[in-house]
Amino acid sequence: MNLYMQDSQDPNPLIRALAVRTMGCIRVDKITEYLCDPLQRCLKDDDPYVRKTAAVCVAKLYDINAELVEDRGFLESLKDLISDNNPMVVANAVAALAEIQEHSSRPIFEITSHTLSKLLTALNECTEWGQVFILDALSRYKAADAREAENIVERITPRLQHANCAVVLSAVKMILLQMELISSTDVVRNLCKKMAPPLVTLLSAEPEIQYVALRNINLIVQKRPTILAHEIKVFFCKYNDPIYVKMEKLEIMIKLASDRNIDQVLLEFKEYATEVDVDFVRRAVRAIGRCAIKLDRAAERCISVLLELIKIKVNYVVQEAIIVIKDIFRRYPNMYESIIATLCESLDTLDEPEAKASMIWIIGEYAERIDNADELLESFLESFPEEPPQVQLQLLTATVKLFLKKPTEGPQQMIQVVLNNATVETDNPDLRDRAYIYWRLLSTDPEAAKDVVLAEKPVISDDSNQLDPSLLDELLANIATLSSVYHKPPDAFVTRAKTASQRTEDEDYPDGNEKGYSANVGDGGASPSTSSSSVPYTAARQPSPAQVMPAPASPVPDLLGDLIGLDNNAIVPADQPAMPSGPPLPILLPASTGQGLQISAQLARQDGQIFYSLMFENNSQITLDGFMIQFNKNSFGLAAAGPLQVPPLAPGAAARTLLPMVLFQNMSPGPPSSLLQVAVKNNQQPVWYFNDKILLHVFFSEDGRMERTSFLEVRS
């Protein structure tokens with residue numbers, strides 16, 4: 001360290017910068033004090049190369065010891081560097097402040113109108129990656145009014161002509177965000193015209209860059225379709241495009257399709273449907289159907305193209321065409337039934353479940369217009385037990401429709417066979433339940449059955465803009481990042497690393513509070529619930545077990561056992577509180593589903609023992625107590641080794657607990673599965689069910705060691 005400190009005062013600026021950079025890369029907390037004085041000098045160094053290196057070093061030091069950076073005034077020094085006369089120093093200072101802001105919960109880097117002017121000035125002179133840093137920082141600035149937004153856009157527009165794709169996309173992001181504040185339609189129209197050529201130019205780059213550009217363009221045309229409305233030809237697929245580029249181009253062509261260009265688009269899609277790549281052909285055929293659903297006036301032309309493709313007699317093309325024609329019938333009921341005869345000619349070639357189900361739906365829906373509808377359905381009934389559930393469900397419904405529309409002897413015998421197969425001969429609960437409902441409807445009130453089964457169905461709409469508007473706005477604010485390529489918000493796939501200050505806070509609440517456990521074992525099945533991705537939470541501090549008297553255990557009603565067939569004698573009420581601690585857990589029961597109760601949980605391994613770590617958060621207006629939990633049978637026989645212990649939760653409070661688990665106590669027959677089904681109940685609410693995933697690493701020992709003899713025995 002003495003050598004580094006001496007080098008930080010070397011006459012050569014390259015040596016000074018290298019010394020500070022090296023010290024910043026040594027991520028050891030004890031050497032941070034040695035780094036402070038050299039870093040302070042380098043931030044005020046006469047040479048800009050040393051200053052820009054020192055700016056990045058501050059961000060590295062913040063990750064090691066955030067409190068030290070704030071106490072020694074490094075953040076203020078970084079903010080001063082934004083006014084530096086060297087554009088690269090400004091760019092590095094902005095990059096460092098943005099990095100620090102991402103790891104801090106309080107505002108550190110806020111752009112004012114004064115800062116804005118300096119950043120826009122530096123933008124013209126710094127390197128391409130410096131421009132990206134500055135543009136990304138500027139994208140968080142909200143202009144005061146439309147005039148300021150227009151001025152910002154005017155100074156950023158030249159960046160659209162840059163050779164670096166990242167700079168172009170960052171500039172597009174900045175302009176799109178500022179356009180939200182611009183009220184003049186003429187200005188918006190001109191900006192749309194200016195953004196089109198740079199985006200088109202990106203499609204002449206390498207395939208990988210093309211793919212990233214196309215994923216971003218996919219978002220842009222959902223928000224501002226006029227930008228590329230006249231450029232649809234650039235998205236026509238080339239023979240040598242990789243498949244991932246072709247698929248993205250198809251999606252964008254559907255979004256840009258209009259009454260004006262639909263003829264060109266259909267010619268392209270028809271050409272793609274004769275390609276050799278089966279997946280691409282299927283997507284092209286489906287694209288024709290989506291265009292028909294999207295554009296009322298073009299529906300007839302789209303159907304004509306689909307019929308031409310059916311006549312080719314290529315099996316997978318015919319099946320995909322039938323699937324999309326079913327959607328077209330749902331979009332335009334009672335309009336294109338004349339083509340049903342052509343579809344029925346291909347009945348014998350169908351072997352894919354979705355195509356079969358679609359054809360059966362068409363026969364059932366238009367049974368009164370198909371003379372031999374009963375014969376067509378009967379051909380499917382012969383293989384009813386072997387059909388997949390999707391086909392069985394459609395066949396059941398179509399047969400009921402046929403019987404209601406043509407209550408003659410033939411359909412009457414068919415309905416008896418189908419209902420018998422679907423109730424007595426099947427193990428599928430969905431199929432069995434639907435069959436019983438139909439059976440009871442038909443036997444008690446056939447008119448009511450008509451009202452239910454033959455009810456007018458809602459018309460489906462165009463699904464080419466699938467993204468929710470709020471999600472789309474969030475993704476547009478993250479253009480030129482992985483978020484815009486995945487089409488997912490950053491929180492869905494990025495786990496933020498903890499800074500030193502956050503780690504210090506966590507040390508006040510060490511994991512492994514072994515005084516509070518909660519859970520129990522049962523045999524029933526829990527109905528599935530949608531699990532969410534890992535989301536950070538804020539846990540309210542709970543008093544220790546010694547400070548809180550447990551609530552008296554109330555008698556447990558036989559509700560949980562009645563619902564999912566569990567033995568309530570094994571249920572143990574909660575009577576001990578637990579302290580919140582440890583890392584965030586995946587939310588398995590959101591507050592919106594659990595009437596204000598949010599449950600996060602995950603299997604974990606500590607000191608050679610498997611635990612079920614649970615977090616309970618009460619967002620309701622009432623106190624919740626008497627928590628109980630049960631596990632369904634599972635492939636690993638996971639069961640609770642002790643009772644569930646959670647204190648009464650006041651409104652706004654949270655509690656965390658570790659439940660010890662045992663193996664091979666609760667085994668389920670059948671094929672192995674990683675699904676863990678859980679049921680949770682309290683005294684104030686109904687039973688809540690959710691699914692968790694069994695993490696395989698919890699079954700492995702921490703050291704990973706195995707004796708040689710044991711290994712040889714297992715191997716043999």
Q) Is it true that a side-chain atom of Thr426 and a backbone atom of Ala422 form a donor plus acceptor pair closer than 3.5 Å? A) no
Q) Does the ring center of Phe664 lie less than 6.0 Å from the ring center of Phe636? A) no
Q) Given Leu638, which of Val662, Val698, Asp692, Leu603 fulfils the side chain to side chain contact (heavy atoms under 4.5 Å, CB included) condition? A) Leu603
Q: Measure across Asn691 and Leu588 and return the closest heavy-atom pair with its distance rounded to 0.1 Å.
A: O-CD2, 3.9 Å
(Q) A cation-pi test, strictly: NZ or CZ of Lys488 under 6.0 Å from the centre of the six-membered ring of Phe493 and no more than 45 degrees from its axis. Yes or no? (A) no
Q.
So, applying side chain to side chain contact (heavy atoms under 4.5 Å, CB included) with Met615, which one of Ile599, Leu585, Ile587 is it?
A. Leu585
Q.
Main chain of Leu472, side chain of His487: is a donor-acceptor contact present, judged purely on distance under 3.5 Å?
A. no
Q.
Checking Tyr272 against Glu268 for the side-chain hydrogen bond (donor to acceptor under 3.5 Å, both in side chains) test, could you report, in this order, the C-alpha distance in whole Å, the side-chain angles of both residues, the deciding distance, and whether it holds?
A. CA-CA 6 Å; Tyr272 302 157; Glu268 280 294 306; 2.4 Å; yes
Q. Does a side chain donor of either Asn420 or Gln416 reach within less than 3.5 Å of an acceptor in the other side chain?
A. no
Q: Quickly, which of Ile322, Ile363, Ile360 forms a side chain to side chain contact (heavy atoms under 4.5 Å, CB included) with Leu347? Name it, please.
A: Ile363
Q: Search all heavy atoms of Met667 against all heavy atoms of Ser635 and return the closest pair with its distance.
A: CE-O, 3.4 Å
Q) Taking NZ, NE, NH1 and NH2 as the nitrogens, is one of them in Arg330 or Glu365 under 4.0 Å from a carboxylate oxygen of the other? A) no
**Q.** Gln685 and Leu597: CA distance, side-chain angles, deciding distance, side-chain contact (heavy atoms from CB on, under 4.5 Å) verdict
**A.** CA-CA 9 Å; Gln685 294 180 323; Leu597 173 63; 3.6 Å; yes
Q: Mind listing the closest non-hydrogen atom pair of Ser346 and Ile310 along with its distance?
A: OG-CG2, 3.9 Å
Q | Least distance between heavy atoms, Asp259 atom then Ile262 atom | A | O-CG2, 3.7 Å
Q: Using a 4.5 Å cut-off on heavy atoms from C-beta on, say whether the side chain of Gln630 contacts that of Val678.
A: no
**Q.** Salt bridge Arg282-Glu352, side-chain N to carboxylate O under 4.0 Å
**A.** yes
Q) Is any NZ, NE, NH1 or NH2 atom of the basic residue among Asp296 and Arg331 found under 4.0 Å from an Asp or Glu carboxylate oxygen of the other? A) yes
Q | Derivation of the salt bridge (Lys or Arg N to Asp or Glu O under 4.0 Å) call for Asp473 and Lys223 | A | CA-CA 8 Å; Asp473 290 338; Lys223 186 74 174 179; 3.0 Å; yes
Q) Do Glu275 and Arg283 meet the salt-bridge criterion of a basic N to acidic O distance under 4.0 Å? A) no
(Q) Working note: Phe329 + Met335, criterion side-chain contact (heavy atoms from CB on, under 4.5 Å); need CA distance, chi angles, decisive distance, verdict. (A) CA-CA 8 Å; Phe329 281 163; Met335 285 183 65; over 6 Å; no
Q. Between Glu354 and Gln390, what is the shortest heavy-atom contact and its length?
A. CA-NE2, 3.7 Å
Q) Got a salt bridge between Lys406 and Glu368, using NZ or NE/NH1/NH2 to carboxylate O under 4.0 Å? A) no
(Q) Are there over 12 heavy-atom neighbours, none belonging to Lys238, within less than 6.0 Å of that residue's NZ? (A) no
Q | Where Leu475 and Pro489 come nearest, the two heavy atoms and their spacing | A | CD2-N, 3.9 Å
(Q) Please verify the inter-ring angle class for Tyr332 with Tyr336; under 30° counts as parallel, over 60° as perpendicular, anything in between as tilted. (A) perpendicular
Q: Using a cut-off of 6.0 Å, state whether more than 12 heavy atoms not belonging to Phe699 lie near its atom CZ.
A: yes
